[in-house]
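Worksheet for the structure shown next.
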Amino acid sequence: DTAVSQTPKYLVTQMGNDKSIKCEQNLGHDTMYWYKQDSKKFLKIMFSYNNKELIINETVPNRFSPKSPDKAHLNLHINSLELGDSAVYFCASRDRAKETQYFGPGTRLLVL
Amino acid sequence: ILNVEQSPQSLHVQEGDSTNFTCSFPSSNFYALHWYRWETAKSPEALFVMTLNGDEKKKGRISATLNTKEGYSYLYIKGSQPEDSATYLCAFRDPNAGKSTFGDGTTLTVKP
């Protein structure tokens, strides 16, 4: 069973489109994150949710809107996609007891 | 802004060599430091969580030490193997900010 899953794995789309990436975790964790792997391959936090509530928003353009329908899901919607949005987006959930994050497989977004 | 720095940025060693690299972090208000292993085209996987000054953790040929007073952690790999090739990330947990700040990683390449 996949602990943290993301869909789709690959996403190729045109500039200006709106797209969503979904994340689900079956670990029972309260906290989930979205990270962006930037052009230099560095991992940068975008958002964090705890029990469906937004707790971190790291100066991300408001074209990016996370949504957490329940604590097992954290989706990322991106409006008016730009070329610079091309990246790998990772979802993660955190085990508070073990102080460890578990990452999804990543979604490779390419904006043409 | 928290500074979490890793050095070197990249490292190339021969199979069988032992190697180590460094993660530097703020020495005040320490809570926890994480090490992750990130293979190309995969997602980061947790290696160690370190919480106490002087902690030493070991998993097979990989071990890590922690000095919270001076703000650094070392990751050691004994007898490197090609399958150890990956990017090794450290992450400083800041409970006040509710997030972990990742370093930019050390990319290790082990040549057969």
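Since this is a predicted model, take the numbers as computed values, not measurements. Throughout, protein chains are lettered first and strands after them, A, B, ... in sequence-line order, and every chain is numbered starting at 1.
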Side chain, backbone, both or neither: which part of K99(B) has a heavy atom under 4.5 Å from chain A? both
Relative to chain B, which of F90(A), F103(A), Y102(A), Y35(A) shows the most heavy atom pairs under 4.5 Å? F103(A)
With only heavy atoms counted, which part of Q37(A) is less than 4.5 Å from chain B, the side chain, the backbone, both or neither? side chain
Do R37(B) and Y88(B) have a side chain donor and acceptor closer than 3.5 Å? yes
Under 4.5 Å to a heavy atom of chain A? For F48(B) that would be neither
Given T101(B), V49(B), T51(B), the one with more heavy-atom pairs under 4.5 angstrom with chain A than any other is V49(B)
Does T7(A) offer a backbone N or O that forms a donor-acceptor pair with the side chain of E24(A) under 3.5 Å? no
Centroid separation under 6.0 Å, is that true for the rings of F47(A) and Y33(A)? no
Is it the backbone or the side chain of L43(A) that comes under 4.5 Å from a heavy atom of chain B, or both, or neither? both
Derivation and outcome, side-chain hydrogen bond (donor to acceptor under 3.5 Å, both in side chains), residues Y10(A) and R108(A): CA-CA 5 Å; Y10(A) 298 96; R108(A) 286 142 187 85; 4.7 Å; no
Can you tell if the side chain of K57(B) reaches within under 4.5 Å of the side chain of L66(B), non-hydrogen atoms only? no
With a 4.5 angstrom heavy-atom cut-off, which part of K44(A) approaches chain B: side chain, backbone, both or neither? side chain
Do T107(B) and L11(B) have side-chain heavy atoms sitting under 4.5 Å apart? no
